[in-house]
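First up is the structure itself, then whatever we jot down about it.
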Protein chains: 2
Amino acid sequence: MARAATTTDAFNAVAEPRRREILDALAGGELAVGDLVELLGLAQPQVSKHLRVLREVGLVDVRDDGRRRLYRVNGAPLQAVHDWVARYERLWNERFDLVDDVLGELEDAADEAGTGQGD
Amino acid sequence: MARAATTTDAFNAVAEPRRREILDALAGGELAVGDLVELLGLAQPQVSKHLRVLREVGLVDVRDDGRRRLYRVNGAPLQAVHDWVARYERLWNERFDLVDDVLGELEDAADEAGTGQGD
DNA sequence: TTGACGCATGCCGATATGGGTATATGTTTG
DNA sequence: CAAACATATACCCATATCGGCATGCGTCAA
């Protein structure tokens, strides 16, 4: 019991800056490992490792091309992240006064416990 | 040089499931540590530690209330996450045809010269 | 003041992470 | 066939994480 494996979900995979860079690079389209190595200035093994993590969580797909492997982004797993974060969007997008309102919705969605505990 | 400190940014802070749970709980409004302990069924020290991480990245604010400490969500740091993830929204929200198109071009280019884009 | 309560911190242990270097595997070329 | 190239793995190391337990510190109550 140390920590939640980083290869568990998109949240963890994306927590790594390098991995985000890789995804950003791949956002332009398929790229081979070597291309990423050049683009990001990382060592080849490191890139391969990060790509592996991204694969484990399904954030990238691979395609064999001769002796190269072309990686491509698959944003699907990011939907979960987006979905979760979106719930807090109002907290920075609108006035804080509305927070209470949103909270009401969230609570309502969660369950009807609705006992004025907070406050 | 092990890993990017988890207390670095919202991405890392939110990568922890427990921390997300805490934020979700706090979404209902201010809560004291003890409340979170009960709600999440975690040990008090663990909750305090997670709260600390969340504080480090500014995801929660604290308020002293007697011998209790009331925590409250501050979604601002999540904007960066939302912002980054949003860039990939179309990858799951829309058709992949556009992407395929781009990929086709890249493949073609790669097949000929090998690259030269990026940067 | 003493004691109970609420929370933060310190310390320990197990684990997994990320980088570095060397090397194995697979592919294309000569 | 061998040699060169592209990528994946293995192994080692330093580090930071997370959980569990004990304890310190501040606050309220009697």
Side-chain angles (χ1 to χ4, degrees), chain A residues 1-23 25-26 30-57 59-72 117, chain B residues 1-22 25-26 30-57 60-72 107 110-115:
Chain A
M1 301 150 167
R3 64 143 29 185
T6 197
T7 60
T8 288
D9 53 34
F11 281 95
N12 279 287
V14 162
E16 248 291 327
R18 310 303 185 119
R19 245 131 38 194
R20 257 173 284 154
E21 285 182 39
I22 289 181
L23 289 178
L26 290 177
E30 271 186 341
L31 283 181
V33 178
D35 299 330
L36 290 168
V37 170
E38 271 191 55
L39 283 171
L40 307 182
L42 297 178
Q44 178 267 310
Q46 271 52 268
V47 172
S48 283
K49 287 175 192 170
H50 283 309
L51 283 171
R52 183 173 198 192
V53 173
L54 292 174
R55 265 194 71 177
E56 307 253 318
V57 302
L59 274 170
V60 298
D61 289 322
V62 209
R63 182 167 74 85
D64 255 44
D65 176 40
R67 55 186 163 187
R68 302 193 307 164
R69 309 202 81 193
L70 300 180
Y71 283 81
R72 110 186 237 180
Q117 45 208 255
Chain B
M1 304 129 170
R3 65 142 27 185
T6 198
T7 58
T8 288
D9 52 34
F11 280 95
N12 279 288
V14 162
E16 250 289 326
R18 312 303 186 119
R19 246 133 35 195
R20 257 173 286 152
E21 285 181 41
I22 289 181
L26 290 178
E30 272 186 342
L31 284 181
V33 178
D35 299 329
L36 289 169
V37 169
E38 270 192 55
L39 283 171
L40 307 183
L42 296 178
Q44 178 266 310
Q46 270 52 266
V47 172
S48 282
K49 285 174 191 170
H50 282 309
L51 283 170
R52 184 174 198 191
V53 173
L54 292 173
R55 265 194 72 178
E56 306 256 317
V57 302
V60 298
D61 289 323
V62 208
R63 183 166 75 86
D64 256 43
D65 176 40
R67 53 186 164 186
R68 299 194 308 165
R69 309 203 80 193
L70 300 180
Y71 283 81
R72 127 184 226 179
E107 274 178 7
D111 200 29
E112 287 182 21
T115 32

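Here is how names work: the chains are called A, B, and so on, in the same order as the sequence lines, proteins then strands, and each is numbered from 1. What you see below is based on every heavy atom in this structure, not just the backbone, and it leaves out hydrogens, waters and symmetry mates.
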Mind running side chain to side chain contact (heavy atoms under 4.5 Å, CB included) on B:R19 and B:V53 for me, showing each step along the way?
-> CA-CA 9 Å; B:R19 246 133 35 195; B:V53 173; 3.7 Å; yes

Any chance you could lay out the side chain to side chain contact (heavy atoms under 4.5 Å, CB included) test for B:R55 and B:V62, step after step, and finish with the verdict?
-> CA-CA 8 Å; B:R55 265 194 72 178; B:V62 208; 3.1 Å; yes

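Atom CD in A:E38 sits about 14 Å away from atom C1' in D:dC5, given to the nearest Å. Separating the CG atom of A:L42 from the C1' atom of D:dT7 is a distance of 15 Å, rounded to the nearest angstrom. Atom CD in A:E16 sits about 11 Å away from atom P in C:dT17, given to the nearest Å. For the pair B:E21 CD and D:dG19 P, the interatomic distance rounds to 10 Å; values are reported in whole Å. Computed from coordinates, the A:L51 CG to C:dT17 C1' distance equals 17 Å when rounded to whole Å. Protein atom CG of B:L40 is 13 Å distant from nucleotide atom P of C:dC7, rounded to whole Å. Between the CD1 atom of A:I22 and the P atom of D:dA8 there is a distance of 11 Å, rounded to whole Å. Computed from coordinates, the A:L70 CG to D:dA8 P distance equals 11 Å when rounded to whole Å.
Phosphate proximity of C:dA8 to B:R69: present, with a side-chain N or O under 4.0 Å from OP1 or OP2. Here B:H50 does not reach the OP1 or OP2 of D:dT17: none of its side-chain N or O atoms lies under 4.0 Å away.
Salt-bridge check for B:R52 with B:E56: passed, with a basic side-chain N closer than 4.0 Å to an acidic carboxylate O.
Nearest to the side-chain atoms of A:Y71 among the listed nucleotides C:dC7, D:dA8, D:dT9 stands D:dA8. Checked against C:dT9, D:dC18, D:dA8, the side chain of B:P45 finds its nearest nucleotide in C:dT9. Comparing D:dC11, D:dC18, D:dG20 by their nearest atom to the side chain of A:K49 picks out D:dC11. Nearest nucleotide to the side chain of A:Q46, out of C:dT21, C:dG18, C:dA8: C:dT21.
The number of heavy atoms from other shown groups lying within 6.0 Å of CZ (B:R18) does not exceed 12.
Every residue meeting the salt bridge (charged side-chain N to carboxylate O under 4.0 Å, His left out) condition with B:R69, not counting sequence neighbours, appears here in chain and number order: B:D64. By the side chain to side chain contact (heavy atoms under 4.5 Å, CB included) test, B:L70 is found to be paired with B:E30, B:A32, B:R63, B:D65, B:R68, residues two or more places apart in sequence or in another chain being considered.
In this model, no side-chain donor or acceptor of A:Q44 finds a partner on the base of D:dA6 within 3.5 Å.
Here the rule is side-chain contact (heavy atoms from CB on, under 4.5 Å) with B:L31, and of B:L36, B:V37, B:I22 only B:L36 fits it.
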Once base and sugar-phosphate atoms are separated, protein heavy atoms under 4.0 Å mark nucleotides 24-30 of chain C, 5' to 3', with B, S and - as ---BB--

